[in-house]
Amino acid sequence: MDDIRILAPSDLDTLIAELRERGFRVVGPTLRDETIVTGDIRSASDLPRGIGDIQEAATYRTRQRDDDAYFGFAAPAQSTKPVFFPSEEVVWRGKRDHDQGGHFTAERDTANASPVALLGVRSCDLRAVQIHDQVLAHRQFKDVHYTARRDGTLVIAVACGVPAATCFCASMGTGPRPAATDPQTGQPSYDLLLTEVIDGDTHHFVAEVGTDAGRDIADAVAASKGTAKDQAQAIDITNAAAASQTRAIDRNTVHDVLRASAESSRWEDVANRCLGCTNCTMVCPTCFCTTMSDVSDLAGENAERHRVWDSCFSANFSYIHGGPTRESLKARYRQWITHKLSSWEDQFGMLGCVGCGRCITWCPAGIDITEEAAALGRMSGLGSTASAAST
Amino acid sequence: MTDAATHTHADASAGADTPARPKLAVWKFASCDGCQLTILNCEDELLSIAEAVHIAYFPEATRAVVEGPYELSLVEGSITTPEDVERIHEIRAQSGTLVTIGACATAGGIQALRNWADVDEFRSIVYAHPEYLSTLDTSTPIASHVDVDYELRGCPVDKGQLVEVLAAFLNGRKPRIPTYSVCVECKLKGNVCVPVAHGTPCLGPVTQAGCGALCPTYGRGCYGCFGPQDSANTDSLTRQLAELGMSNDDIVRVYRTFNAGAPEFEAASNKVAAGGAS
């Protein structure tokens with residue numbers, strides 16, 4: 001039988017202190033600028049207790065909940081992406097060496113940070129981390145900076161009980177309850193999986209142990225034993241959360257829909273709305289494109305190579321000699337959604353979308369990936385008629 | 001070019017074994033001097049700048065004048081008088097590389113509002129003797145008159161970007177000046193999006209990065225100081241600004257500030273003034 005434990009809300013502080021004691025940098029949801037963001041957690045008081053969210057296309061608002069839930073909200077403004085894959089980092093530094101005839105000596109910048117404990121990471125974002133692992137760490141050439149930051153990560157996931165209107169993880173098969181193992185590697189997805197239960201006067205967390213490290217942490221905070229009934233209650237919560245989702249993408253047909261839609265008239269329509277601002281890619285937990293940027297000081301004595309997040313929505317992203325290959329916003333939107341929902345599968349053997357809904361919420365023009373996919377499905381005649389979003 | 005520099009009489013530091021520093025000139029046209037002040041505000045870098053270039057002409061900083069030609073000219077301000085038109089051609093003729101700095105020089109500045117007005121009329125109201133005044137009907141960017149090698153945006157320009165352009169010039173490389181939107185800078189910094197999370201109208205999606213997303217970092221909407229980004233979709237933003245409660249008059253006003261004369265903002269404002277976006 002699975003190892004089930006019960007944590008009281010007051011155990012959260014003990015848990016966080018224990019993680020910090022063990023040298024982890026604890027990263028989780030916290031409230032900043034009227035928004036739930038992903039940040040450093042020092043104690044349970046850093047968590048957005050009693051705060052919920054309302055998300056719709058181009059709209060995000062927090063709200064006061066009528067309970068003390070610590071995780072009573074959907075996707076935070078940004079995923080854990082920047083934790084392992086920072087928006088800008090120095091790859092190497094060079095210094096002119098006058099003893100060596102003025103040649104540059106380069107020094108590689110090595111990431112030397114504490115291991116991270118992800119506290120409260122949602123199923124969608126956890127799946128996105130697994131996708132990043134596949135893209136950045138499990139191919140022929142490893143991203144050494146990513147791998148260094150990612151090594152030794154402890155995952156204390158919190159199953160999502162309150163999806164936002166923009167969420168569609170259920171349709172992508174990525175949540176709200178995380179899979180026990182990473183489908184690519186077969187490794188456990190989490191060390192501990194918490195489900196927050198608020199039922200009348202009771203408020204506790206059902207903790208499902210995923211690894212020995214998770215068990216060790218559960219033991220250290222002296223979590224009491226739970227039962228199969230507790231686990232069943234946790235599963236009921238995520239089942240209800242899945243059933244409450246109104247947006248969806250038909251993941252079985254979408255690959256072929258996009259393939260067949262290269263010349264669709266829909267691109268013109270979406271290009272009229274697309275701001276080319278890059279927000280969708282910047283908040284996407286799986287987007288991983290970067291550019292290399294070299295800088296030098298005034299004297300030309302010191303140089304640095306920076307790796308910076310880039311976006312397929314900026315003109316210079318596809319710049320080659322003579323100009324950008326994707327001149328129009330139409331071409332750029334097509335590139336992005338086709339990669340996410342179709343060619344990603346050809347490239348990495350999985351879809352590049354986890355259904356977190358951030359690209360819908362944080363698009364200032366409210367462009368909805370589920371709506372676009374559904375429209376392309378209808379127009380190509382290849383989509384499922386059951387696709388949720390209607391236009 | 002180096003010949004001219006080694007023969008200057010006032011460059012005391014150009015000794016026999018020191019390579020000649022390129023001569024820098026800083027010129028002013030119709031402007032508030034804010035971009036020139038940005039050069040002087042490069043406090044930490046100022047000594048390195050003075051070591052790397054020979055500041056040959058910069059009246060905002062020094063009365064000493066070294067004659068041209070100049071390897072690098074930084075030009076602030078817009079063209080608003082017949083004399084300006086002549087002077088910018090002279091400057092171009094004696095400059096190796098000519099870089100325009102700031103919204104006035106790159107888009108005509110706030111004074112480009114005159115492009116929509118009757119200059120004769122307000123000249124007659126403001127001045128006791130309007131006949132003494134010689135001015136043009138328009139305020140135009142430098143690039144409308146002479147070839148410009150590089151345009152650095154901003155009102156004022158960003159100190160870091162200015163140093164970057166100088167470093168790039170000195171090292172013969174491309175400046176690291178992105179042309180994407182302010183939204184990228186917000187996201188790189190981890191800012192919360194003010195229109196989405198707070199309902200604050202923001203020009204960030206159509207505006208070029210460069211300021212480090214200064215206003216959104218402090219919870220305010222972007223004012224468009226750096227002009228249009230490379231792929232600005234102003235029609236879509238206009239609809240979004242209206243959705244967030246801005247009147248057509250207000251939308252016209254936000255497009256017509258420091259970069260009113262930038263073609264994309266000019267067209268967007270004209271479209272709204274004529275009855276809204278499509």
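Side-chain atoms are counted along with the backbone in the values below, which use heavy atoms only and exclude waters and symmetry mates. Letters A, B, ... mirror the listed sequences (proteins, then strands); counts begin at 1.
Listed for the A/Arg32 side chain is no donor-acceptor partner under 3.5 Å among the backbone atoms of B/Asn191. Side chain of B/Asn233 to backbone of A/Asn272: a donor-acceptor contact under 3.5 angstrom is found. Judged purely by atom type and a 3.5 angstrom limit, B/Gln229 uses its side chain to pair as donor or acceptor with the backbone of A/Gly276.
B/Arg220 CZ: 12 or fewer foreign heavy atoms inside a 6.0 Å radius.
For a residue to count as touching a neighbouring chain, one of its non-hydrogen atoms must lie under 4.5 Å from one of that chain's; by this rule A/Thr361 touches chain B with backbone and side chain alike. Residue contact with chain B, scored on non-hydrogen atoms closer than 4.5 Å, involves the side chain of A/Arg332 exclusively. Residue contact with chain A, scored on non-hydrogen atoms closer than 4.5 Å, involves the backbone and the side chain of B/Leu166 alike. Interface residue A/Pro364: backbone and side-chain heavy atoms are both found under 4.5 Å from chain B. With a threshold of 4.5 angstrom between heavy atoms, A/Ala315 approaches chain B through its backbone and through its side chain. Neither the backbone nor the side chain of B/Leu244 comes within less than 4.5 Å of any heavy atom in chain A. Neither the backbone nor the side chain of A/Ser311 comes within contact range of chain B; no heavy atom of the residue lies under 4.5 Å from a heavy atom of that chain. Neither the backbone nor the side chain of B/Glu243 comes within contact range of chain A, judged by heavy atoms closer than 4.5 Å. If you measure heavy-atom distances from A/Val295 to chain B, the contacts under 4.5 Å come from both the backbone and the side chain.
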Problem - Residue pair A/Ser293, B/Arg176: steps toward the side-chain hydrogen bond (donor to acceptor under 3.5 Å, both in side chains) verdict - result: CA-CA 7 Å; A/Ser293 184; B/Arg176 184 196 183 206; 2.4 Å; yes

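Side chains of B/Ile49 and A/Leu298 form a contact here, defined as non-hydrogen atoms less than 4.5 Å apart. With contacts defined as side-chain heavy-atom distances shorter than 4.5 Å, the pair A/Met282/B/Val184 qualifies. The shortest side-chain heavy-atom distance between A/Leu329 and B/Ser231 falls under the 4.5 Å cut-off. Looking only at side-chain heavy atoms (C-beta outward), B/Arg239 and A/Arg273 come within less than 4.5 Å of each other. Taking the side chain as every heavy atom from C-beta outward, A/Ser87 and B/Lys187 never approach each other to under 4.5 Å.
Atom CD of residue B/Glu45 and atom CG of residue A/Asp297 lie 10.5 Å apart, to the nearest 0.5 angstrom. Summarising the geometry, atom CG belonging to A/Asp33 is positioned 11.5 Å from atom OH belonging to B/Tyr218; distances are rounded to the nearest 0.5 Å.
A side chain to side chain contact (heavy atoms under 4.5 Å, CB included) with B/Cys183 holds for exactly one of A/Thr281, A/Asn279, A/Leu275; it is A/Asn279. With respect to A/Cys277, the side chain to side chain contact (heavy atoms under 4.5 Å, CB included) criterion is satisfied by exactly one of B/Pro205, B/Cys193, B/Cys186: B/Pro205.
The heavy-atom pair separating B/Gln240 from A/Ala58 by the smallest distance is NE2-CB, 4.2 Å.
In this model, a donor atom of one side chain and an acceptor atom of the other lie less than 3.5 Å apart for B/Thr179 and A/Asn316.
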